[in-house]
Amino acid sequence: MSATVTFGKDLTGLEQLSAEQIKTILDVAEPFKEISERPIKKVPVLRGKTIVNLFYEPSTRTRVSFEFAEKRLSADTVNISATGSSVVKGENLVDTARNLEAMRIDMVVMRHGSSGAAQFLADRIPSNVINAGDGQHEHPTQALLDMLTIRDHRERIAGRKVCIVGDILHSRVARSNIYGLLKLGAEVAVCGPRTLIPHGIEDLGVQVFKRIEEAIEWADVLNVLRLQLERMKAGYIPSLREYNRFFGISMARLERAPHDILILHPGPMNRGVEIDSHVADGPHSVILQQVTNGVAVRMAVLYLLAGGQPERAELAKRERGS
Ligand code: CP
């Protein structure tokens, strides 16, 4: 781990990070994994820091995972959802954040439905801003936990063939994975109906497979995405049944693969649509390990943005929380 790698105030996406910064976050997550396995899951790394989790869109995994990460690092946390706040009375994002800052917060973790919202906020408030998913733009901590999980099971990212399957068009997870994986030297492909593959995606350096059988033959790892029906304004697919028939990941399809394939899914899953239950719960799946790794990755991000030194992460985990 390099002692010279530094981080800025915010984490709004992986597009802006270097390969060294991404590797450092993954390396710092390693010692933090063990804290969640202890009977007393707490170290005093962020004692005295106040973190607001500001969620304008629904979330289970990301919101709870950030909250666990913050609490396990001994930060004080407050959760705000748009529906239970003055946002419903018309308060805008910056006013909400400035009012929170008037109460002397240190960090904001934000999920928002608009692409670019995290950077917009980061440019306007002095607190650290961490993007927990903004519109169709980026979901950096999801991609980081995906990469940590691939590394756990396949030793390294460089040279691995990762195919992202499904609704690429609406996916912030796909975008963050593409940036992160390419920076770490993976080969990246996408596969899905033509209507759900963004025009010109090849320019990012990814291959496009039209047929799932070709993708399965090529890939070491499939990252299977949910069809984001709530973001689809037009009829992108004829029916869910047809989507499952042509692109659904089934055991029968995986059994025809020339080598062992790792199956990731960021959740929430539509079982029987993009992934069959036998795959989701079967031997290829590391979906719940992704969720476990999410806490460690988010602890690493919080630690580094708060000014923690990468080379001191191992020491930090040995400190005892109260
Ligand atoms: N993967 C993910 O972002 O899940 P949530 O929407 O539940 O946070």
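For the numbers below, each heavy atom of this structure counts, side chains included, while hydrogens, waters and symmetry mates do not. Both counts, for ligands and for their atoms, begin at 1 and track the order of listing.
- Put simply, no part of Glu57 is less than 4.0 Å from ligand 1, judged by heavy atoms.
- Using a 4.0 Å cut-off between charged nitrogen and carboxylate oxygen, Arg61 and Glu67 do not count as a salt-bridge pair.
- At the top of the distance list for atom 6 (O) of ligand 1, counting protein heavy atoms only, stands Arg111 NH1, 2.8 Å.
- Looking at Pro266 next to ligand 1, an N or O pair under 3.5 Å apart turns up.
- Within the 3.5 Å criterion, the main-chain N or O of Leu227 finds no donor-acceptor partner in the side chain of Asp167.
- No donor-acceptor pair under 3.5 Å is formed between the side chain of Glu91 and the backbone N or O of Lys89.
- Under a 4.0 Å heavy-atom criterion, Gly133 is not in contact with ligand 1.
- The Gln142 neighbourhood of ligand 1 comprises atoms 1 (N), 2 (C), with distances under 4.0 Å to a heavy atom of that residue.
- The existence of a salt bridge linking Arg124 and Asp95 is excluded, since no basic side-chain nitrogen approaches an acidic carboxylate oxygen closer than 4.0 Å.
- Aromatic ring pairs are classed by plane angle as parallel below 30°, tilted from 30° to 60° and perpendicular above 60°; the pair Phe32 and Tyr303 is perpendicular.
- Heavy-atom proximity to Gly267, at under 4.0 Å, picks out these atoms of ligand 1: 1 (N), 2 (C), 4 (O).
- Of all protein heavy atoms, the one lying nearest to atom 4 (O) of ligand 1 is Arg61 NE, 3.1 Å.
- Atoms of ligand 1 found under 4.0 Å from any heavy atom of Thr62 (numbered from 1 in listed order, with element): 2 (C), 3 (O), 4 (O), 5 (P), 8 (O).
- Using a 4.0 Å cut-off to heavy atoms of Thr60, the atoms of ligand 1 that qualify are 5 (P), 7 (O), 8 (O).
- In this structure, Arg111 forms no cation-pi arrangement with Phe55, as its terminal cationic atom is not both closer than 6.0 Å to the ring centre and no more than 45° off the ring axis.
- Between the side chain of Lys41 and the backbone N or O of Arg38 there is at least one donor-acceptor pair closer than 3.5 Å.
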